[in-house]
Amino acid sequence: MILELVDIRIQPGKQTEFDAAVQRGLEQVIAKAKGYKQHVINKCIETPERYVIQIYWETLENHTVDFRESPAFQEWRAIVGPFFAAPPTVEHFNLLSKSA
């Protein structure tokens with residue numbers, strides 16, 4: 001399984017609107033994508049405009065090819081993109097270890 005880690009900075013004062021949009025986008029668009037497993041949305045306490053989203057995929061290609069090259073990616077960006085203060089940082093990780 002692959003972890004996609006997305007670090008998003010949104011425009012100040014848009015948190016309530018973004019909260020609803022990001023949840024809608026994840027549940028209605030990304031959750032239907034090939035290889036999608038689950039997601040977690042984290043809101044920063046110290047920096048209220050910062051969000052970190054964890055999305056788990058079966059394979060790296062499920063995100064980078066199957067999703068990113070599909071019309072669903074444009075649908076996702078149309079939902080959340082208007083809130084971005086800067087382009088998000090996206091990185092992928094393999095699990096090294098975890099607690100019991």
Side-chain angles (χ1 to χ4, degrees):
M1 193 161 36
I2 299 296
L3 167 62
E4 172 195 0
L5 191 65
V6 185
D7 191 341
I8 298 174
R9 307 290 175 123
I10 66 164
Q11 300 163 27
K14 301 285 187 176
Q15 292 89 343
T16 301
E17 294 170 77
F18 183 72
D19 289 355
V22 72
Q23 290 177 78
R24 185 175 77 250
L26 281 158
E27 293 166 5
Q28 295 178 4
V29 180
I30 293 181
K32 295 177 182 175
K34 177 182 177 183
Y36 165 88
K37 301 303 284 176
Q38 66 181 20
H39 69 266
V40 177
I41 305 169
N42 301 282
K43 293 175 66 168
C44 186
I45 295 168
E46 293 80 10
T47 309
E49 297 84 19
R50 184 176 182 202
Y51 292 73
V52 174
I53 302 172
Q54 299 163 267
I55 305 173
Y56 292 89
W57 300 91
E58 277 291 323
T59 68
L60 179 62
E61 291 75 23
N62 286 149
H63 177 238
T64 60
V65 177
D66 299 329
F67 178 69
R68 281 242 174 128
E69 294 181 9
S70 75
F73 179 70
Q74 295 306 318
E75 186 179 352
W76 158 251
R77 288 306 286 260
I79 293 169
V80 297
F83 296 95
F84 294 166
T89 301
V90 178
E91 296 179 305
H92 299 92
F93 298 83
N94 285 311
L95 179 65
L96 177 62
S97 68
K98 68 178 186 176
S99 61

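- Residues Gln11 and Glu49 fail the side-chain proximity criterion, which asks for heavy atoms closer than 4.5 Å.
- Pro82 and Ala78 get closest at one heavy-atom pair: CD-O, 3.4 Å.
- Crowding of Leu95 atom CG: a count of heavy atoms from other residues, nucleotides or ligands under 6.0 Å exceeding 12.
- Ring geometry for His92 versus His63: interplanar angle of 30 to 60°, hence tilted.
- Placement of Ile79 and Phe84 within a single hydrophobic cluster is found when ILVMFWY residues are connected by side-chain heavy-atom separations under 4.5 Å, directly or transitively.
- Between Arg68 and Thr64, the shortest heavy-atom distance links the atoms CB-O, 3.3 Å.
- A donor-acceptor pair is defined here as one N or O able to donate and one able to accept, closer than 3.5 Å; no such pair exists between the side chain of Asp7 and the backbone of Thr89.
- Separation of atoms CD1 (Ile55) and CD (Gln38) is listed at 11.0 Å; rounding is to 0.5 Å.
- Without hydrogens or angle criteria, Glu75 side chain to Ser70 main chain gives no donor-acceptor distance under 3.5 Å.
- The one candidate from His39, Lys34, Lys32 that meets the side chain to side chain donor-acceptor pair (under 3.5 Å) condition with Tyr36 is His39.
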Check the pair Phe18 / Ile8 against side chain to side chain contact (heavy atoms under 4.5 Å, CB included), numbers first and verdict last. CA-CA 11 Å; Phe18 183 72; Ile8 298 174; 4.1 Å; yes
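- Between Ile41 and Val22, the closest heavy-atom pair is CD1-CG1, 4.1 Å.
- The shortest non-hydrogen separation linking Pro88 to Val6 is CB-CG1, 4.0 Å.
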From CA spacing to verdict: side chain to side chain contact (heavy atoms under 4.5 Å, CB included), Glu58, Ile2: CA-CA 6 Å; Glu58 277 291 323; Ile2 299 296; over 6 Å; no
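- Grouping the Ile, Leu, Val, Met, Phe, Trp and Tyr side chains by contacts below 4.5 angstrom, directly or via other members, places Val52 apart from Val90.
- Cluster membership check: Met1 shares its hydrophobic cluster with Phe93, using side-chain heavy-atom separations under 4.5 Å among Ile, Leu, Val, Met, Phe, Trp and Tyr.
- Among all heavy-atom pairs drawn from Glu27 and Ala31, the shortest one is O-CB, 3.6 Å.
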Take Thr16 and Asp19, measure what side chain to side chain donor-acceptor pair (under 3.5 Å) needs, and give me the verdict at the end. CA-CA 5 Å; Thr16 301; Asp19 289 355; 5.3 Å; no
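- Between Leu26 and Trp76 the shortest heavy-atom distance is N-CZ3, 3.7 Å.
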Decide yes or no on side chain to side chain contact (heavy atoms under 4.5 Å, CB included) for Glu17 and Ile10, but give the supporting numbers first. CA-CA 10 Å; Glu17 294 170 77; Ile10 66 164; over 6 Å; no
Using the side chain to side chain contact (heavy atoms under 4.5 Å, CB included) rule, take Asn62 and Phe67 through it: C-alpha gap first, then chi angles, then the decisive distance, then the call. CA-CA 6 Å; Asn62 286 149; Phe67 178 69; over 6 Å; no
